[in-house]
Structure formats: structure tokens, C-alpha cells
Amino acid sequence: MMDGGARVAPPRYACTWVPGFAAAALVRQDPALRGHPVAALRGASLRTVVAVTGAAAARGARPGMSASEAATRVPELHARLEDLEAERAATGALLDMAWATSPRVELVEPGCLVLDLAGLTALLGDERKIGERLLAAGETIGLPVQVGIGSTRTVARLAARLGPTVLTVPPGDEAVFLAPRPLALLAPPPDLAAALTRWGIETLGALAPLPTPALLTRLGPAAVQLQALARGADLGPFVPHLLPEPCREAVTLDWEVPSLPALAFVLERLLARLAARLALREAGALGLRLTLQLADGGTHAHRLGIAAPLRDGRTLGRLLRTELEALRLPAPVVAVALEAEPAPLAALQTDLFAPPRSSPRELGEILGRLAALVGPDQVGAPRLRDTHHPDARAVGAFPGEPSTPVAGAPPLWLTGATLVRRRLVPARPARVECQTGRPVRVEAEGLRGPVVAQAGPWRSAGEWWADTAWAREEWDIALPDGLACRLVRDLTTGEWAIDAVYD
Amino acid sequence: MEPVPLAMDLARWHPPASRRPQPDADVPALATWRVRPDLGAPGIRRIRTGLAPLDGLLDGGFSPGQLAELAGPQTSGRTRVLLGTLAGVTAHGAWAALVDATDALDPPSAAALGITLDRLLWVRCGRRLDVAWRAADLLVRSGGFELVAVDLGDLPPWTLGRTPSGVFVRLQRAVERAPTGVLIAAPRRVAGSLAAVAVALVPQRLRWGQGGPGLLAGLEIEARLVRSRTRAPGAGVRLRWTVLETDRAGSETAHAGARAAPGAPG
């Protein structure tokens, strides 16, 4: 009996497409170009236009034109060489945008992604809302995204190319939607396009009903593939993009920057874009990797560790400036790349009855500035290591993992029955006189005199199985001036030292 | 019934110093004043030290928004009072920060005393005093910590004396606008009149054990109020502590080393 099987919803896909992707990536890199006609050029001497923004297209510039022809048609055109780093960063940002909506994303071509919408309407609302969400995310990452939604990836891709914003093709309406669309939307090979034009076939609706065997016989397999696309079918399986993209932004400078302070505004832009991408990932940066390309061909790499995940661009900028204050470079900078190491933001559960605490952003900034001041491994929550090693002191992330309170006796800080140790770092080497194996006189920096009282020894050893083996003997001693301290002897070297004071 | 103005209401809890009973030299101040350690002025949060006599001396504890000082030589209980205060802050869920100028914190001691380590931010300054003050300033201005403790450890007087007074002015201005208390522990007083409260700790007697796990059995000290904005300075209390015995008990079961009993042959 098969009646009890679960019904499978028909697949739905969304496509996000950035018109003139190479040019849009240039605009994203330099927001001053926004709204202006921009063309991306390729080639060393004879430069051709490979992509144009909407404003340039509206004035008559087209991909494939020579740079001079485009400049003639659009006198105010901003023509720049295409920047592969910028395109790579824009692709990463698009993927972040898509992954913030759907876990299954296919990278079809640069600037074009397809998202599997299965099961998302219950989480995010209807398809229109999903489309608007993608549009808003596109605005966040600085790319002019168009969205199409359909039952197949082909329909979604065609819809994305048609709509200025969000175009949804309802299930079952694919044929009606596709029929009037020009064949040129599928970008057929020129000879095939010429043959079909000679036959008078100029729309998808005219190609779709033709008998497939006859088409194969007369025009070959390319025509059959084109027909399948005209019917809205997908030619291959959905191949999700699985590897996480590095959260990296880069810029190639038009001029050489001689000093780091002058780079501040470049870093601000990069950090703002990184912050937007981190927000889409619901993450913060636990580190920043800065790579500077120098005019002499060299490269300088620098890593800024951040004590707590942080994604506020301005705060990250302050930390980076503090970190780079003392840096001196041998040559001017010609390109800058900044990569964030994403990490989940620290979750802080607020308590109605506990005192207010810093927000994760404020805490991250404070920890970052403290780390810049004292060093990243010198600030954090004290951590107990599972060892008797005398130098087993370490710091961990702050705030640390909550420990389980021990029930029973009241804490010692309330009972008063405790005296604590203060460590001397580094331990003070001491000269010790012994009688019958017990210290009777001690000399060390700031400490000198007979031992008026003593207890011990307590011997401990560990890690005998490794090169870090240690063994020592401890004594509690008192000096005539009332100082009580811990005297230790390294049993491997026989040297004495005072490593703690009772206080 | 006519409502009592706030100022009068507070005055009822804070009688003028002239009307308070004066401490007798032979009687501990706590017994004379009969102040419950957890009872400060109503509505005013206090940062307790956890030591009832000392909290009594301080009207319930240190106040947020104020600069306080603990001054005392080594083996005067200064670290014990400091860590006890940090333990009190972390025990009720707040965050505390320890600016450790000389990297002197012993985490096992701190944990044994009751400090919730995951709520304590430890800033190790490597004996750099200027860095310690800058770190303290950052932490106070962040406002997210109930107590910022600055432990100046065993820094010598000539180093402490090099601190520009502007540091304390800046710190005091910052703390009075923040819901944070600042407690400076040093071998001698450093903040002068900018400290709202200062307690001097003077060791009185070391007590030695008889055959216990450690020779050093305890310490008796006198805590004396040397500066206060709410009561006449000069009052003092006696504090007694015993040595932390868990350190020598060797009760740990999972560790990377082995620990012998006292006196056992090596």
C-alpha cells in the first residue's frame, strides 16, 4: 500500500542575478561610482567592454563594444579595467547573501546564483517575501540584484533577467510566461540563432512545440538543448556550492599609498563590506588578516587577533588602526586585501536580577583594545589546567563557559578561613642555607634573613614521560619581618627560588 | 502622613558623624557599631568584601562609582581582601575585572576562594604600570564590570611614585559616572585624596600550625580605615585567616603530576 507516503512539494527555485556583474563589482568597490554609467574593460592595448551597469546600458553602451566606441556613445562613461579580486569578493558576498536565505545554493556563473526554496516558505514567508529579502540583502552587500522565482532553475534564471526587482512565475504558468520571450534570452550560438531566424522562430513559444526528433535531425543536439531550455527544463542536476567562501574583501588602488594612516579610508570601506557579510552570516570576526601588496613587489601580511567575535565595522577599524600604529612599511601600498575569520557571536543571556553587562559589540571592542594593549594571550578569563605544574596558569575566552556551582559548604570567601597565594613572576632566584636538609637562611632579591619558621617539604613531579618533565620541592617559610612565602627547589637542577607569597 | 523627603530619609540611615558612637580603642569597631555587613544605605548597592568586620567598617562594603584603596605590605592579607571582594562580585552573576600589574594572580587560589573564574576578566600587564592604568581606564569606561580591581602587587615605591596624578583624576572622573567600583591594592596608598575610601592593612601576628598540613596556620591583621567620605577615619577591626588547606591536601584525582605527602622522601 503506497497511500500513506508523504506528499513531496514540487520544487521551487529562486535565481539572483546581477546585471553587468564585472561592472557592478567595480561599483561595489568604489561606491562613488554608484548611479554613474560604468563599463568594465578587458585587454591590454585594444580594450573591449565586457560589462556595463544599468545606467551605461540605458545610454547605449553594450558589452562587446570597443572602449572608444563606448566612450563615444556615452561621454560621461567611467571605464575601468575589470578587477578579478573585486569580482571574487562580490561572488563571495553573493554567496553569503544566498546562504543567509537557503542552505542549498548553486553558483551558475559569476553574478548568478540559484537557491533551492524547498521548505523555506514556512520559515520566511511566501515567495514574494523571500524575493524581497534577497533584494534587501543585495542592497546590503552593494550589488544590484534582480530576483526570479520559478519551478525550474531555467525559468527562475529567465525570470531574474526580465524583472527589474522580483518576478515570480507561479507553478503551472511556465509555458504562458515563456512563450512571448525572445529567443535571444537563451543566448543561442550565432549559427543556430541565424538558422532559427530564417525559419521565422524568434520566441521561446515558437521553438518549444517543434518536434524534437526533427529538430535534432535538422539542427543538431545544440538545437535540442535550446528547445529544452525554451520549454523551461533544466539541463543538469542541481549542484550545491558546498565549500565555505573566505570572508575576504580586496581593492586594487589606482595610486600608491605611501603611509598607513592614508590607508584608513580604504580599510574603512573594506571593513564596512566585511561587516555586512558577517551580518549575513550571523557571525563576528575573531581575527582579521590584512595583506598589503607593495610597490616593490613585496607583500606584507598581518594578523589581528580579536578576543571576542566582533562585527561592527567602526570598532574593527579602531582595533586595526591601533594594531597598525607602529607598523612601518618599506614601500608604498598598491593593493589591500582584508579577510575576516568568522566565528559565532558570543551569546549572552541577560538576567533580570543580575547587573547589566556590556553588549557583545562593546565587550568585543574592549577585549580587542585590551589585547592590543597587553597582547592577545594576556587578557581573558583565568583557566585552571588539569595539572600540578607550578606554571599552569592560562587565560581563556571571556566570558568563559559557566562552571557548575558546587553545592554544600558556604564559599570560602564568606567564611574567612582562607589565606591566598600571590605569585612572583618570574620567581626570584634564592640562595638558601640548609641544616639537616631544612632551610635556615634565605637570600633573594628584596628578601634576606634567617628562616624563623618553616614547614615542608612537599614534593611534586610530573610529565616524566615527556621532555617537559619537572620535579620540585616546596617549603613554607617565614622571615623575621613577618613575610610568609613559598620556597621551591627545582629537583632537576637543585636551584632554589621564591615563587609565591602568602597574602 | 506626610511623605518623607529623600534627603531626610537617607539622613536617618546616615546620622552625622558627631552623633555616632566613637570606637573604643580596646573594643573591635564592629561590636560598637553593630552594622550588618550586608546592610548599607537603603537602595545603594554595595560591593562586599565577604569579611563581616571589614564590611561593617565600610558601611556594608565598597561603593560603586567610587575609587577605593587597599594598602598593605606583603603578607598583610591585601590579596585575600581583594580576591574576596572579586569573589563576592562574581558570585552574584556580575562581571569583575582584575588588572594584574605584576601577573601575581594564582588561579587555583582564586578558584578555591570562590571566585567564579568565567566571570573574571584577567588582564596581565607584565609589570608595566602605565599599561595597567590604561587598561583600568578602558575597563571603567566600558561600564560592563561591577568591579575593576587594580592589583599593583609588589611594585617598588619609586615605581608607584612615578604615576602622574592625572591618571587618578581621569580614573576618578570615569568611575563616578559609571556603575562600577574601582579597588586599587598596592603596598602603599597611591591615589591620595581622589580615593573615596582607603583601608590600611597591617599584619599583626603570624600563627604557626602544629603538625597540620602546613606550618603556616593563619594570619591576624588589623584593617584600619584611613580615609572615608562618610565617617571619621581611624577606626579599625581585627581580621583572622587560616591558610588555605586544600592546597596541601592533595585531593585532586586527575592530574598530570604526582604529589607526595609532607615530609615524604623525594
Side-chain angles (χ1 to χ4, degrees), chain A residues 351 353-358 362-363 366 369-370 373-374 378-384 386-389 393 395 398-403 411-414 416-425 453-463 470 473 476 478 482-484 491 500-503, chain B residues 50-51 74-80 83-84 87-88 91 93-95 102-114 116-125 131 134-135 138 142 144 146 203 206 208 214-216 218-219 241-244 248 254-260 262 264 266:
Chain A
D351 188 329
F353 305 103
R357 295 171 169 180
S358 304
E362 293 166 335
L363 180 65
I366 287 295
R369 294 175 72 180
L370 286 171
L373 193 62
V374 299
Q378 300 294 309
V379 56
R383 204 153 46 85
L384 295 175
D386 190 14
T387 173
H388 279 300
H389 194 282
R393 305 191 307 162
V395 293
F398 179 85
E401 292 293 324
S403 49
L412 289 174
W413 69 279
L414 281 174
T418 312
L419 198 60
V420 296
R421 271 192 311 269
R422 157 190 297 285
R423 297 293 302 271
L424 297 180
V425 180
Q454 55 179 241
W458 291 270
R459 296 192 176 101
S460 58
E463 299 174 17
W470 56 274
E473 182 178 286
D476 283 346
L483 183 72
L491 295 177
V501 172
Y502 287 99
D503 192 19
Chain B
L51 301 163
Q74 301 196 81
T75 317
S76 66
R78 169 165 50 103
T79 307
R80 167 63 181 84
L83 295 188
W95 287 349
T102 58
D103 295 356
L105 179 70
D106 186 51
S109 286
L113 194 63
T116 311
L117 294 182
D118 54 83
R119 296 184 197 131
L120 178 68
L121 179 65
W122 182 23
V123 185
R124 302 163 67 173
C125 302
V131 167
R134 286 171 67 187
L138 272 174
S142 77
E146 185 164 305
L206 281 171
W208 304 106
L215 175 68
L216 182 61
L219 172 73
W241 292 301
T242 53
V243 165
L244 176 61
R248 300 297 190 201
H255 53 75
R259 175 158 289 211

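As the structure is a computational prediction, the values presented were derived from the model and not from experiment. Here is the naming used below: chain letters follow the sequence lines, and residue numbers restart at 1 for every chain.
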Minimum heavy-atom separation for [X] to [Y], with atom names?
{"X": "Val123(B)", "Y": "Val379(A)", "result": "CG2-CG2, 4.0 Å"}
{"X": "Arg124(B)", "Y": "Val374(A)", "result": "O-CB, 3.6 Å"}
{"X": "Pro382(A)", "Y": "Leu120(B)", "result": "CD-O, 3.2 Å"}
{"X": "Phe398(A)", "Y": "Asp118(B)", "result": "CE1-O, 3.8 Å"}

What distance separates [X] [atom1] from [Y] [atom2], expressed to the nearest 0.5 Å?
{"X": "Leu121(B)", "Y": "Leu370(A)", "atom1": "CG", "atom2": "CG", "answer": "6.5 Å"}
{"X": "Arg423(A)", "Y": "Thr79(B)", "atom1": "CZ", "atom2": "OG1", "answer": "13.0 Å"}
{"X": "Gln74(B)", "Y": "Tyr502(A)", "atom1": "CD", "atom2": "OH", "answer": "14.0 Å"}

Given that the side chain runs from C-beta out, which part of Pro107(B) has a heavy atom under 4.5 Å from chain A: side chain, backbone, both or neither?
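Both the backbone and the side chain of Pro107(B) come within 4.5 Å of chain A.
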Which atoms of Ala135(B) approach chain A - backbone, side chain, both or neither, heavy atom under 4.5 Å
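It is both, since atoms from each part get that close.
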Check: [Y] main-chain N/O paired with [X] side-chain donor or acceptor under 3.5 Å:
{"X": "Arg393(A)", "Y": "Leu105(B)", "value": "yes"}
{"X": "Ser109(B)", "Y": "Val420(A)", "value": "no"}
{"X": "Asp503(A)", "Y": "Arg78(B)", "value": "yes"}

Which bit of Leu373(A) comes within less than 4.5 Å of chain B, counting heavy atoms only: side chain, backbone, both or neither?
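Contact with chain B involves both backbone and side-chain atoms of Leu373(A).
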Below 4.5 Å from any heavy atom of chain B, which atoms of Val501(A) appear? Answer side chain, backbone, both or neither.
side chain
Just so I understand: if I count every heavy-atom pair under 4.5 Å between each of Gly482(A), Gly380(A), Ala500(A) and chain B, which residue has the most?
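Counting heavy-atom pairs under 4.5 Å, the top option is Gly380(A).
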